[in-house]
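Residue numbering restarts at 1 for every chain, and letters A, B, ... go by the order of the sequence lines. Excluded from the calculations below are hydrogen atoms, water molecules and symmetry mates; all remaining heavy atoms, backbone and side chain alike, are included.
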Protein chains: 2
Amino acid sequence: MKSRRRFWTVVDKLEALIEKGEYPVGSRLPAERELAEVYDVSRPTIREAIIALEVRGRVEVKTGSGVFVTDSEQSGRLLKNISAFELTQARALIEAEAAALAASTIKEDELHALKQTLEQMTVPETADEADHRFHEIIAKSTKNSAILVSIQNLWELRRSRPQIIAAYEDVCSQGIEQRIKEHTEIYDAIAARDSASARKAMHNHFNRLINALFDASEAKALEEVKRKTDETRGLYSISHLTQ
Amino acid sequence: MKSRRRFWTVVDKLEALIEKGEYPVGSRLPAERELAEVYDVSRPTIREAIIALEVRGRVEVKTGSGVFVTDSEQSGRLLKNISAFELTQARALIEAEAAALAASTIKEDELHALKQTLEQMTVPETADEADHRFHEIIAKSTKNSAILVSIQNLWELRRSRPQIIAAYEDVCSQGIEQRIKEHTEIYDAIAARDSASARKAMHNHFNRLINALFDASEAKALEEVKRKTDETRGLYSISHLTQ
DNA sequence: TCAAGAAATATACCTTACCAATTGAAGGGT
DNA sequence: ACCCTTCAATTGGTAAGGTATATTTCTTGA
């Protein structure tokens, strides 16, 4: 039941070579016919593999000239090294602005849906999902798809990185009333169409999260690590950005 | 200088049909040979197009059975409908916060590199590239990878959507001195480690861009369209968000 | 009648072989 | 020194046909 299509194996091999630095950024890959011979497949199969790499953004094909390694695999590398602190800070900045914007663009039905998530947040089973929906409704209420996808991307990041999931799990379970209180403050500000307060409330929400993350990591850390953490706490704080 | 490879046009057409609902989620596409006949290309070309769609996650190929439309084209659908206004507003909000953050996290060498881009901006040939680097250096200066990738994603969006490219081209060419002045104000604020001013300067920069975009679209629009544009101008304005 | 197995069919998979279009460099003429 | 032509290398694209796999249809036996 193997039977992966042949070009995928070629894609994997070429991608590995690019990763390894065998084909540096900007360099040209061997000609189609050479690759066909090396990997013992036909030329169309090589073409398919190269198209897959092209769609993935790893290479660029120049007609009559050759296939060249693209620069872009940097962002993929970046994604792997994002910490929970960075993610939270980014969400704080972006979602605070989204909340401020939403305060003036949100519609009644969205406001109603937002209030409903607050109620769902009191039930432990649906709390996490409600949290997600709460932030997503605000993002959608901005009526700006670019902001929405930015926030969705960050959420996806949180969902997909194991280390970040672990970090959040420690934090979310504790302080349920606090969590609801913060979300309620955000809701109230948006419902009152108060952009500045909405921004502040969202900042406050995430600032508490960041500090909770630090506390959690502190609890786990050894003494010498603890000292380092304190030093960098200031770097990821957002409290000084509010006014 | 057209000469896009043939399979891309097939990809576009198939994607459009999927988008349109001609091929609903879960349904099977016509056979290779049929598609080859319909679009008047060879079967390998059809195969290439399908592989591109597969890598993009739009379809799934089942050997011996057919190629089926995949469910998860949601976010891809969103990306297609982002207007230049939305993109600019999103950049305004996010990059303004990035600038505010960078004002307290930027290092001397980054500040130096930032100043260099200002000089390159005076040369028309390198102005656009310098613009890009200017914003990228600020993003990197935040020392937050999540913010960096968010900003990079938005830039990639600007680079890849033809309609957005067109909209920006009309605007960027005009008012070079103004553009440099705005960037200089941003630089000065960051160099002075003044977060609030940096945010304000970045807001100002993008706010001018948004209005220029509206003016450009107004110039092209007919009378009745013009009226509508005026009505929605308030929706994408960010001036009310600054303090 | 119905269910299980076998054959036929439809489909994607992969290859070989060929020609066309584009690029870039080498070479020659001014 | 410069420009133009030519030519080799490369990718772009096509045609035709055999292979492997999945699905459907048909046969056959209980």
Side-chain angles (χ1 to χ4, degrees), chain A residues 1-18 22-73, chain B residues 1-18 22-73:
Chain A
M1 201 350 199
K2 190 70 190 295
S3 77
R4 241 191 1 156
R5 276 136 94 209
R6 212 161 274 192
F7 79 90
W8 278 120
T9 75
V10 178
V11 168
D12 289 343
K13 288 175 182 172
L14 287 177
E15 211 161 29
L17 286 178
I18 292 173
E22 195 75 22
Y23 302 127
V25 170
S27 68
R28 214 205 71 189
L29 262 54
E32 282 182 357
R33 288 168 172 80
E34 284 181 56
L35 291 172
E37 193 165 355
V38 169
Y39 296 108
D40 196 34
V41 294
S42 68
R43 204 167 66 87
T45 300
I46 293 292
R47 282 170 58 88
E48 292 173 348
I50 288 173
I51 285 168
L53 288 171
E54 191 183 14
V55 173
R56 281 191 178 178
R58 307 295 300 252
V59 300
E60 186 182 357
V61 178
K62 288 187 179 175
T63 300
S65 177
V67 182
F68 298 86
V69 178
T70 310
D71 194 0
S72 83
E73 45 100 18
Chain B
M1 207 337 203
K2 189 72 189 297
S3 78
R4 242 196 354 162
R5 272 134 97 213
R6 211 161 274 192
F7 78 89
W8 279 120
T9 74
V10 178
V11 168
D12 289 344
K13 287 175 182 171
L14 287 177
E15 212 162 28
L17 285 178
I18 292 174
E22 195 75 23
Y23 301 127
V25 170
S27 68
R28 217 205 68 192
L29 263 54
E32 275 184 1
R33 290 172 168 82
E34 284 181 57
L35 290 172
E37 194 164 355
V38 169
Y39 296 109
D40 197 33
V41 294
S42 67
R43 285 201 299 124
T45 301
I46 293 293
R47 281 172 57 84
E48 291 174 345
I50 287 173
I51 285 168
L53 288 171
E54 191 183 13
V55 173
R56 282 191 178 179
R58 307 293 302 249
V59 299
E60 185 183 357
V61 178
K62 289 186 179 176
T63 301
S65 175
V67 30
F68 298 85
V69 178
T70 308
D71 191 1
S72 78
E73 36 94 28

Worksheet entry | Distance test, side-chain N/O of A:Thr45 to OP1/OP2 of C:dT15, below 4.0 Å |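 Answer is yes, contact under 4.0 Å.
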Specify the separation, in whole Å, of atom [atom1] of [X] and atom [atom2] of [N].
{"X": "A:Leu53", "N": "D:dT11", "atom1": "CG", "atom2": "C1'", "result": "16 Å"}
{"X": "B:Ile46", "N": "D:dA15", "atom1": "CD1", "atom2": "P", "result": "12 Å"}
{"X": "A:Glu60", "N": "D:dT10", "atom1": "CD", "atom2": "C1'", "result": "16 Å"}
{"X": "A:Phe68", "N": "D:dT10", "atom1": "CZ", "atom2": "P", "result": "11 Å"}
{"X": "A:Glu37", "N": "D:dT10", "atom1": "CD", "atom2": "C1'", "result": "16 Å"}
{"X": "A:Ile51", "N": "C:dC14", "atom1": "CD1", "atom2": "P", "result": "14 Å"}

Between protein and nucleotides 10-12 of chain C, what N or O pairs are separated by less than 3.5 Å?
unit_1	atom_1	unit_2	atom_2	d
C:dT11	OP1	B:Arg28	NH1	3.4
C:dT11	OP1	B:Arg28	NH2	3.3
C:dA12	OP2	B:Glu32	N	2.9
C:dA12	O4'	B:Gly64	N	3.4

Fill in: salt bridge (Lys or Arg N to Asp or Glu O under 4.0 Å) partners for A:Glu15, two or more places apart
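If we apply the salt bridge (Lys or Arg N to Asp or Glu O under 4.0 Å) test to A:Glu15, skipping adjacent residues, the hits are A:Arg56, A:Arg58.
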Worksheet item: Roughly how far, to the nearest 0.5 Å, is CD1 of B:Ile51 from CZ of A:Arg47?
Response: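 Between A:Arg47 CZ and B:Ile51 CD1, I get 10.5 Å after rounding to 0.5 Å.
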Discussion item. Listing request: all salt bridge (charged side-chain N to carboxylate O under 4.0 Å, His left out) pairs with a residue in residues 34-46 of chain B, at least two apart in sequence or in separate chains.
Written reply: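 Pairs touching residues 34-46 of chain B that pass the test: B:Glu32-B:Arg43.
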Worksheet entry | Partners meeting side chain to side chain contact (heavy atoms under 4.5 Å, CB included) with A:Ser27 (sequence neighbours left out) |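 Checked A:Ser27 against side chain to side chain contact (heavy atoms under 4.5 Å, CB included); matches are A:Tyr23, A:Pro24, A:Val69.
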Discussion item. Can you list everything that forms a side-chain hydrogen bond (donor to acceptor under 3.5 Å, both in side chains) with A:Ser65? Sequence neighbours excluded, please.
Written reply: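 If we apply the side-chain hydrogen bond (donor to acceptor under 3.5 Å, both in side chains) test to A:Ser65, skipping adjacent residues, there are no hits.
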Fill in: Qualifying residues under side-chain hydrogen bond (donor to acceptor under 3.5 Å, both in side chains), relative to A:Ser42, sequence neighbours excluded
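Once residues adjacent in sequence are excluded, the partners of A:Ser42 under the side-chain hydrogen bond (donor to acceptor under 3.5 Å, both in side chains) criterion are A:Thr45.
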